[in-house]
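Both counts, for ligands and for their atoms, begin at 1 and track the order of listing. Since we're looking at a predicted model, the values are computed, not measured.
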Amino acid sequence: MTQEKLKEIIAQMTLEEKAGICSGDDFWHTKSVERLGVPRSMVSDGPHGLRKQDLKADHLGVNESIKAVCFPAGCGTAASFNRDLMRKMGETLGNECQAEGVSVLLGPAVNIKRSHLCGRNFEYYSEDPVVATEIATAYIEGVQSKNVGTSIKHFLANNQETRRLTVSAEIDERTIREIYLAAFEGAIRNAKPWTVMCSYNRLNGLHLSENKTYLTDVLRGEWGYEGYVVSDWGAVNERVQGLAAGLDLEMPSANGVNDRLIVEAVQNGTLDEAVVDEAVRRILNIVYRYEENRDHNAVFDRDADHAMARKVAEETVVLLKNDSILPLAEGDEIAFIGKFASKPRYQGGGSSHINSHKVVSALEAAEGMSNITYAQGYIDEEDRIDEALLAEAIEAAKKAKAAVIFAGLPDAFESEGFDREHMRMPECQNELIRRVTEVQPNTVVVLHNGSPVEMPWADSVKGIIEAYLGGQAIGEVVCDILFGKVNPSGKLAETFPIKLEDNPSYLTGFGEKDCVKYTEGIFVGYRYYDKKNMDVLFPFGHGLSYTTFAYTNLKLDKTTMADTDTLTVSVDVTNTGKVAGKEAVQLYVSDKESTVLRPVKELKDFAKVELAPGETKTVTFTLGKRAFAYYNTELNDWHVETGDFDIMIGKSSRDIVLTETVTVTSTVRIPVVYTLNSLVGDILEDEHAKVYFENIFQQYNEMKAAEAEAAGTSAGAEAITEDMEAAMFQNMPLRGFISFSDGKVTREMLLQILEQLNAK
Ligand code: BGC
């Protein structure tokens, strides 16, 4: 529908009808206006499957939804590091929505994993904004290619479940820009999601649902966003303020209450009717975009989509450890131990919960592949060590050639709605692993969990497979990987620390009362562990393969550039092993010297390549200004400091294999105002400023040298080293010359120079 036509329709609406459009008709629909032919439109969760509720609705996944297909959750899909695959998954989901009459799929969920304990980390992608925004971009492009909208969520800084509707995330502007906003920015700018879902929480005191800075100034002003903003279900605080701030659609239904407040505000002059018109235009624009592009031939083929979920899961599994035990030989007697072998935990609880049309367990999938025995090992409903189950498991392990223990986190340990209290697995599972490894040296652990766990047994097992919450086909995929039919290629999109206390948010946790201070700033995930030079259990970007890859020929198309130029980086990757495989090539940038605090290195791009044995492919990356920049809060813009930057190619964040250097020159001068409190050291670093003080500095140094000579070799003089003198000089503010130059430098002299310098 043209914008003119849309405006005509809106012009015919009464104020009450327009206010009505700004909130849902019920839990999942926007309102219709029958007399004008405006249709109702359905939205549904999201993100990793379709949770369409036909009858009784809720946002916690309690009531039944239609049978659908559960894809791997965000924790896994990010680990694929595969944009093409994410696009295909999005296309499949978009087609399902067309077939089911759903106009907007509520996802992707891109919030940064600040703490390993956030209950919803399983839905989120990464601790790194580049991974989050790139995976989201591909997902959005895929879904929307089917003329179905997405809702990137939860905007912004919704990094915990604790007090999620009221908590205020207290974050400094640089950190918001570099970490939390950046997770959304690329996807919103490039993939243009039809809708953005604003989060429940407050940011620096103000509810996101009425935060004009982010909903309007940044989102629309800076990023040119044209879709509508929808509230998370129940996120509206003050409706009228929210509408004015840029929150278009309230969900679910406001039962008329907030609609009336909107009408009143227009009538009493506190809200401009044009604001209502604009929100209605944005909402109906999307409603019609879907309506006019309905695909009435779309079919939800659940079996075909299961096959797609399986294909996706093949790349979301991460092989964490392999001491020459995997793949297992088919035909060998293998003990599958642990309840998750027969009943995998493959998705998380809450609004993303899918009513899966079928689930295949590893035990079922292994039928015919090998000689498998099974022992339950533990009860997952409660964390209680059951000696009888343990004895049975030990017996099975003893008899077999190898044991595969299926463990991880039960539903009760992580979900939407609450945060985890610790990072441990159930004690009954840790004990099971300990006891089995005592009798069976060839033990592999397969983990089903949505976020990192502590692994006190990591050294005593030979293999660890992180299957994450891998969707309904995960059992088949785990078997394919165990027996070498699929070569694992996932890499961690998050760090696995050794213990919870290592986490940068540990001391501030989820806050006190309704306030949580993000004191770790930009040092989230590997940015922190690297800066502190800490050992981790498995680093960001880590993931093994059944083949080996060699990296050669790292080339930069230039060695010097301006911050306005782009840099082309290429590297050759060769499969040096015996089986085909896929590798996620990671590019990090490190600012070698900086006047601002920066991470040791940051991921700036990645690419997934598929290689036959012996095959080589050249991977090319293009880096622009943002790859070198930090967010400067004085400029309110991204800024690059002149200097050398290392371009690093890594197999993981802790396995950098090739490095080249480029010198970048800044084209932006940050205006500095010098005062009597400016330090000599800072002035000496500024080529332009130091000229103004050369005489004063020289005279002062000569005077000091003369004093030193006069003092001769007294004990006191000997204690003064050259370094110490230099440091004292550098750290002296200009006003120090007034006190220490024997009256030679006066306040007036300094003020005069400063005036001249600052005027330039
Ligand atoms: C969740 C959203 C979800 C919505 C609708 C909320 O509780 O935070 O992610 O899309 O419910 O179910």
**Request:** Report yes or no: do Ser103 and Arg294 form a side-chain donor-acceptor pair below 3.5 Å?
**Result:** no
**Asked** Would you say the side-chain atoms of His154 and Asn201 include a donor-acceptor pair closer than 3.5 Å?
**Response** no
**Message:** I need the Glu123 CD to Tyr125 OH distance, nearest 0.5 Å.
**Reply:** 10.0 Å
**Message:** Check the orientation of Trp233 and Trp28. Use parallel for under 30°, tilted for 30 to 60°, and perpendicular for over 60°.
**Reply:** tilted
**Request:** Heavy-atom cut-off of under 4.0 Å around ligand 1: list whichever protein residues fall inside it, by chain and number.
**Result:** Trp28, Asp45, Arg51, His59, Leu106, Arg120, Lys153, His154, Arg164, Met197, Tyr200, Asp232, Trp233, Ser351, Glu416
**Complete:** For Val69 and Gln472, the nearest pair of non-hydrogen atoms, with its separation, is CA-OE1, 3.3 Å
**Item:** Close aromatic pair by centroid cut-off 6.0 Å: Tyr346 and Phe340
**Value:** no
